[in-house]
Student: 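I have a structure here, written as structure tokens, and I will follow up with some questions on it.
The chains referred to below are lettered A, B, ... by the order of the sequence lines, with proteins before strands, and numbering in each begins at 1.
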Amino acid sequence: MQSLKSEFPIFETARKEGRPLIFLDNASTTQKPQCVINAVTGFYAGYYANVGRGLYWPATAASFNYDQAREKVRAFIGASSKKEVIFTSGTTDAVNKVVNSFLLPQLEKGDEVLVSEMEHHSNFVPWQQACQSKGAKLKVIPLDAGLNLDLSKFAAMLTDKVKILAITAISNTLGVKNDLKSIINLAHQHNIKVFVDAAQLPLSEKINVQNMDCDFLAFSGHKVFGPTGIGILYGKQALLEKMSPLAYGGGMVQQVSIDKTMMADLPAKHEAGTPNIAGTIGLAAAIDFINSVGVEEIGRHGAELRKYAVKRLSEIEGLTLFAKDAKSTAILSFTMEGIHPHDIAAFLAEKGIAVRAGHHCTYPLMQKLDIAGTVRVSFNIYNSEEEVDLLKNTLVEIRSFFL
Amino acid sequence: MQSLKSEFPIFETARKEGRPLIFLDNASTTQKPQCVINAVTGFYAGYYANVGRGLYWPATAASFNYDQAREKVRAFIGASSKKEVIFTSGTTDAVNKVVNSFLLPQLEKGDEVLVSEMEHHSNFVPWQQACQSKGAKLKVIPLDAGLNLDLSKFAAMLTDKVKILAITAISNTLGVKNDLKSIINLAHQHNIKVFVDAAQLPLSEKINVQNMDCDFLAFSGHKVFGPTGIGILYGKQALLEKMSPLAYGGGMVQQVSIDKTMMADLPAKHEAGTPNIAGTIGLAAAIDFINSVGVEEIGRHGAELRKYAVKRLSEIEGLTLFAKDAKSTAILSFTMEGIHPHDIAAFLAEKGIAVRAGHHCTYPLMQKLDIAGTVRVSFNIYNSEEEVDLLKNTLVEIRSFFL
Amino acid sequence: MNDRLKALYKTQILAHAKNPFNEGVLEDYTHKLQAYNPVCGDQFDLYLKFEGDVIQNTSFRGYGCAISKASTSVLIKQLLGKSKSEAKVLVELFLKLINPESSESPESLTSDEEFLAFASAREFPERLTCANLAWEKLKEVL
Amino acid sequence: MNDRLKALYKTQILAHAKNPFNEGVLEDYTHKLQAYNPVCGDQFDLYLKFEGDVIQNTSFRGYGCAISKASTSVLIKQLLGKSKSEAKVLVELFLKLINPESSESPESLTSDEEFLAFASAREFPERLTCANLAWEKLKEVL
Ligand SMILES: Cc1ncc(COP(=O)(O)O)c(C=O)c1O
Ligand SMILES: Cc1ncc(COP(=O)(O)O)c(C=O)c1O
């Protein structure tokens, strides 16, 4: 894996006071390989134009690549048709749009929406606000003592009042992975649709939406080596066809008169306005990059580093690891007795070690754990055991400085 | 101006069968100067990180540049505070969000919304659909014989039933510029809020939202030399404070509990999720570029080329120019008797001349003009009179080929 | 003018675009289809009169670029007197002819001049939806 | 450890963070303020007891990083016995001291060790909201 590090220019160019960057904040966002940067630059410098309607080169080249990007995403998530792949500006955008176009039009007083206690705000607040606006009830699936989803309590919450279950594939704070296949299966037995927040999933395991049988799924490009401002929403074709458009505007209509608008077919129907074309082209390059390394390989490396970090950090007195035994993800949270997470992060930063401290946009989870925040480390292909060692040694130093 | 062309790498690298690109589709999107490409690349390769919460470098550098970008936009549009500048993914996104968060919560049966007959679908369909969902009425301000807004008819439409006026600054099809200052003044006399679609405005004249006194204004980065997937929504602070968030998710909350969410202050309140950070940085570079050339200079050059094109194309028999006398914009539409716009565009494309043919996302205007489409040419700083001459000569050839 | 594009538009296409075959409304049609391209607004109404399995009469009316108009005109002309299954074969042939991903050379597919004129569309993938507009629509009733 | 950061955290700050001044709830307060940083979740309740114009007693309770806690502790200590206008001057001084854009050197502003300890915050703009959290909030009642 180390050889891959050289494909990420930031590690070459970036030095903070002589120190190289040790980037352990990959759950927040990922660094960009040269091939992704080149794809974006190549578009702007070589064949830039708007998509969809131009009869001239470079418009045809831009349209071709835009369409190719959709096909790459389709294959990447195992969808059966390109029509099921909608470009959004990110996971958060996708959640909000599903709430507005799918949930709200059918949501009534007394209905219920299920989320879990480990959700990111982006997969929590939109559903919560929708419920509040309609007098519906947001129900929160609790975690058990091991910080996994409490599946028996979950099963008991499945009633015909529930309109949708919105659930994350992997907790961005704990690194806990949910068994989506059986969760979705259970929900479907009660005719409940399932939205999967897959923000943390694509670099952990190969996604196959048909196998998973989710109704909706979303992730962000910037968390999978891609550009900012691009994400995708997968939806089952029948649902996307029935839903009203996610947004209205140029490019998503068949015909407009003063009284009436006829919407275009999928996927255009759900994509109003000039899309983030450079974003889709960069995302396609990111997918090519991921495929060239192998999702399994990437997932395994991250999981191994987490395991190694669990072992090394366990040696530090007064350090508490959360969801220690969570498997096959690359995210690990901890706290240190008597030292605030921000102070830890600030001292780590001085060594060039980038970690995240705080609530990680998971306030409900913090409340459950009864803490204000954690220090979170999250790994990717450019990280190594040596970096974990340095992390550990620095944490020991920090402890002796503060205590 | 010609010297500026060399700052746009596409004109160096791009050749179609030996021919340089003559890009006359600037109303659709603009080419990118090297400085904008470099700003985006420099971010990804040099200091990439997420914004807002990281205590480490490069997160602090990313946050600093993100904040700077907002300040640059503020100055660019003459807003009084950065709090009034909300990043969106584009103009269309901004319209949809204002419809959802500002209009819909207050819209009732019998209310009215005003738009004009020259609106782009992105500033037409969202308002139309909102009205239809609530039993409100969409009223369309007609154009007069000269294809300008019929101001006397407009004045008669101003009643206290009208909740908002959504109007474009410049018609993207005709190049007609509206006298927004007096339009807004009139609307305000009836307590009607005004949303300005400024997609075509920033390269025509210096925007000053305080002077214009609009309540909302939006434009897209990709039409002002910036990246795709980024745009801005300006809103008066009091309105943005009163409105419910444009979207919900990470980064826009103060605190979340299972029952309740407290929203953050402006501008964060309206920006959920990881923003298009690279987009904002590229947009900031585009604004620097625009300022270095001068908005007035850019606007004058475009308007002069339009004038020259009006003169040269008038020499062609059977060619009809629309809104021939429109002033100080860079957009010109025409048709040729007996030859379909697409056939014209296809033949121009073979000479490397990129123009747009069709309805330009303005179906209602096409209906008014009783045509299926036009050929549209739109100019920018890298265009020249020689290019207009070549356009003219090629049109003459096309005519003789088809007739 | 550019030869490549001229090849596409050559006599057959221009001729059909200028003097379309059976343009107008067919009063006693059995099938009316609307071929519409939302991207460019091109739109043609196709009128077919089936008697049993055979297309006894055809016409069309609408608006579009030279390529979409000519291809619709050729379709309307070629369908005349054909059975359903014959029409099916024709449509498949035409779509193969203009498909840029087709491995077969146009000349190996047909020697019909009217058809061959559209083969140059292979070089203009952005015009594919012009050339196949009416043909794709027709598939729905075959 | 890195000297730059150690300078920031040096004895004064660590001392205040570990042994804060008047930590706890003040029962007979006249003003209670909540200083809250949504970005990191740090939160302190400030209790002030005014008698006329003078702050007779103070305390605070809450949770935050060493810097926010120490700066709150220093604030609570320094306010004791001050009049409104004196407090105002103090707050302005402190905010100037930690402002990275300030043109005045820390030493030219004050010789108070407790204050000077925070001057290193100038080098850590991302920690500014930690250092000024309680002080900015206090402004509201001055
Ligand atoms: C006048 C006008 N309004 C709105 C838009 C939509 O902008 P975007 O597609 O960038 O959202 C455009 C451009 O297509 C336009 O010209
Ligand atoms: C689990 C999870 N869901 C949702 C999000 C939101 O993603 P974005 O900010 O890219 O919209 C994130 C990342 O921040 C996440 O980790």
Side-chain angles (χ1 to χ4, degrees), chain A residues 9-10 13-14 16 28-29 31-32 37 41 44-46 48 50 53-58 89-90 92-93 96 120-122 125-126 128-129 140 220 222 227-230 247-250 253 255-258 261 272-274 276-279 342 345-346 349 354 356-358 361 363-364 367, chain B residues 9-10 13-14 16 28-29 31-32 37 41 44-46 48 50 53-58 89-90 92-93 96 120-122 125-126 128-129 140 220 222 227-230 247-250 253 255-258 261 272-274 276-279 342 345-346 349 354 356-358 361 363-364 367:
Chain A
I10 195 168
T13 58
K16 165 129 183 183
S28 172
T29 198
Q31 296 300 335
K32 312 306 170 205
I37 299 172
T41 308
Y44 285 137
Y48 181 73
N50 213 327
R53 284 164 295 261
L55 290 176
Y56 56 85
W57 182 91
S89 67
T92 306
D93 185 37
N96 277 274
H120 187 280
H121 293 162
S122 290
V125 184
Q128 179 198 48
Q129 296 295 312
V140 182
S220 302
H222 70 94
T228 59
I230 189 74
Y248 298 95
V253 305
Q255 209 154 14
V256 178
S257 70
I258 285 181
T261 293
T274 301
N276 184 354
I277 314 167
H342 281 121
R356 192 143 293 240
C361 293
Y363 258 117
Q367 278 149 18
Chain B
I10 196 168
T13 58
K16 164 128 184 184
S28 172
T29 198
Q31 296 300 334
K32 312 306 170 204
I37 299 172
T41 308
Y44 284 137
Y48 180 74
N50 214 327
R53 282 165 295 261
L55 291 175
Y56 57 84
W57 180 93
S89 66
T92 305
D93 185 37
N96 277 275
H120 188 281
H121 293 163
S122 289
V125 183
Q128 178 198 49
Q129 295 295 313
V140 183
S220 302
H222 72 93
T228 58
I230 190 73
Y248 299 94
V253 306
Q255 211 155 11
V256 178
S257 69
I258 285 180
T261 293
T274 302
N276 185 353
I277 314 167
H342 281 121
R356 194 144 291 242
C361 293
Y363 258 116
Q367 277 150 17

Student: Could you look at A/S28 and say if it's the side chain, the backbone, both or neither that has a heavy atom under 4.5 Å from chain B?
Tutor: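 For A/S28, backbone and side chain are both near chain B.
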Student: Given a strict heavy-atom distance threshold of 4.5 Å, which part of A/Q367 is in contact with chain B: side chain, backbone, both, or neither?
Tutor: side chain
Student: In Å and rounded to the nearest 0.5 Å, what is the OG1 to CD distance from A/T261 to B/Q129?
Tutor: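 So the gap between those two atoms works out to 5.0 Å.
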Student: Where do A/G273 and B/T92 come nearest, in terms of heavy atoms and distance?
Tutor: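 For A/G273 versus B/T92, the nearest heavy atoms are CA-OG1, 3.2 Å.
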Student: Under a 4.5 Å heavy-atom cutoff, which of B/S257, B/A278, B/P58 has the most pairs with chain A?
Tutor: B/S257
Student: Of the non-hydrogen atoms in B/I258 and A/Q128, which two are nearest, and what is the gap between them?
Tutor: O-NE2, 3.1 Å
Student: Which atoms of A/I37 are under 4.5 Å from chain B, going by heavy atoms: the side chain, the backbone, both sets, or neither?
Tutor: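 Side chain only.
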Student: At a heavy-atom separation under 4.5 Å, does B/V256 approach chain A through its side chain, its backbone, both, or neither?
Tutor: both
Student: Would you check if the side chain of A/Q255 reaches a backbone N or O of B/Y363 as a donor-acceptor pair within less than 3.5 Å?
Tutor: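 Checked: no pair found.
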Student: Might you point out which heavy atoms bring A/Y48 and B/T29 nearest each other, and give the distance in Å?
Tutor: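 The answer is OH-OG1, 2.5 Å.
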Student: Name the option with the most non-hydrogen atom pairs under 4.5 Å to chain B; the candidates are A/A345, A/A247, A/S89.
Tutor: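 Ranked by contacts with chain B, first place is A/A247.
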Student: With a 4.5 Å cut-off on side-chain heavy atoms, are A/V125 and B/V253 touching?
Tutor: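 Yes; the side chains approach each other to less than 4.5 Å.
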Student: Between B/Y44 and A/Q31, which heavy-atom pair has the shortest distance, and what is it?
Tutor: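 Scanning both residues completely, I find the closest heavy atoms to be O-OE1, 4.4 Å.
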Student: Ignoring hydrogens, what is the shortest heavy-atom contact between A/S122 and B/G250? Give both atom names and the distance.
Tutor: OG-N, 2.9 Å
Student: What's the separation between atom CZ in B/R356 and atom OH in A/Y56, rounded to the nearest 0.5 Å?
Tutor: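 Output value for this atom pair is 4.5 Å.
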Student: Do you know which two heavy atoms are closest between A/T228 and B/G279, and how far apart they sit?
Tutor: OG1-N, 4.2 Å
Student: Below 4.5 Å from any heavy atom of chain B, which atoms of A/H120 appear? Answer side chain, backbone, both or neither.
Tutor: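 It is the side chain, since no backbone atom gets that close.
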Student: Where on B/N276 is there a heavy atom nearer than 4.5 Å to chain A: the side chain, the backbone, both, or neither?
Tutor: both
